[in-house]
Amino acid sequence: MSVVSSVTVKVPGTTANLGPGFDCIGAALTIYNQFQFTRLETSELIIQATGAEAERVPTDESNLLYQAFAKLYQYIDQTPPGVKIEIELGVPLARGLGSSATAIVGGLVAANRLAGEPLSQAQVMELAIAIEGHPDNVVPALVGGCRLAATGATGWEICDVPWHGDIVPVLAIPDFELSTSEARRVLPTEYSRADAIFNTAHLGLLLRGLQTGKGEWLRAALQDKLHQPYRQALIPGYDAVNTAAVAAGAYGMVISGAGPTLLALADVSHAAAVAAAMSTAWQEAGIKAVVRSLALDTHGAT
């Protein structure tokens, strides 16, 4: 493939865990970050960002997007070129919507393209997982859809999870942050056999519920005992928003990624009512939030 001097990469935000699928399942959503990379004649690094919270984006080599970009060049034993990076932010930072995954995937995909596509998509994915540490966000950000990841004999096995067209993800994004490290600190180091069995059964039911859109299965399947019971206390208003979402017709509500964004799944006919109820519940809890009904992104990074 011919070498190009500029490339623009659009990467979807993601929601991970979906209740019982802790650290192994994630879905790409119709919310995006866009990154333009232009090769420079010098070794200079220029980073510019626009969009909400753009002032918080690092503009030096500590930028995660650039670190991923440079990592691919290091992987293929080449020196990263000087580059100008223009960032358009559409995925909120530190809200449990995979903003770091968009940066990792965006940097790797852009570097691979500028370098003439030396790596396959599977190799890019393995590199993304190695940088992120787990697959649940970076895999759907790269390839789109809802994906289940498991380790195989020689690497990761990625399974497409069918998502019924009537299931609408409704996200309530509050105006406060929750870091992944903080959300992980509250988790126990050991779990009981009963909790492990509970989550195994509910993840299996979740996969069938997402495929069929069967409400009874989804209502049961979104329960979890590995991470949500411990993280709920970190999210003010959680119980009120959950109660409101279910009362308005949602199948259930989960924490998106590490939080604090809350994700409800609803059918098409109830999505608007669920969004309104979640928004009102946040307001009554004294918290500003943006509530959006989205869809599954099926393309991944483009």
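Only this structure's heavy atoms are used, side chains among them; waters, hydrogens and symmetry mates stay out.
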Around [X], counting heavy atoms of other residues, nucleotides and ligands shown, do more than 12 lie under 6.0 Å from its [atom1]?
X	atom1	answer
His164	NE2	yes
Glu55	CD	yes
Arg193	CZ	no
Glu177	CD	yes

Do [X] and [Y] make a side-chain contact, defined as non-hydrogen atoms from C-beta onward lying under 4.5 Å apart?
X	Y	answer
Ile255	Leu262	yes
Ile25	Cys146	yes
Leu97	Pro92	yes
Glu86	Thr8	no
Thr102	Phe35	yes

What closest approach, in Å, do [X] and [Y] show between heavy atoms, and which atom pair accounts for it?
X	Y	result
Pro80	Tyr66	CB-OH, 4.1 Å
Gln67	Ser62	NE2-O, 3.3 Å
Pro260	Trp282	O-CZ2, 4.4 Å

Q | Inter- and intrachain pairs under salt bridge (Lys or Arg N to Asp or Glu O under 4.0 Å), touching residues 204-230, at least two apart | A | none
Q: Without swapping roles, check the side chain of Asp175 against the backbone of Ala289 for a donor-acceptor pair under 3.5 Å.
A: no
(Q) Looking at Ala281, is its backbone amide N or carbonyl O close enough to the side chain of Glu284 to form a donor-acceptor pair, meaning the two atoms are under 3.5 Å apart? (A)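 Side chain of Glu284 to backbone of Ala281: no pair is present.
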Q: Would you please say whether a donor-acceptor pair under 3.5 Å links the side chains of Asn199 and His202?
A: no
Q. What pairs of residues pass the ring-ring contact (aromatic ring centres under 6.0 Å, His included) test when at least one of them lies in residues 209-247, not counting sequence neighbours?
A. Phe22-His227
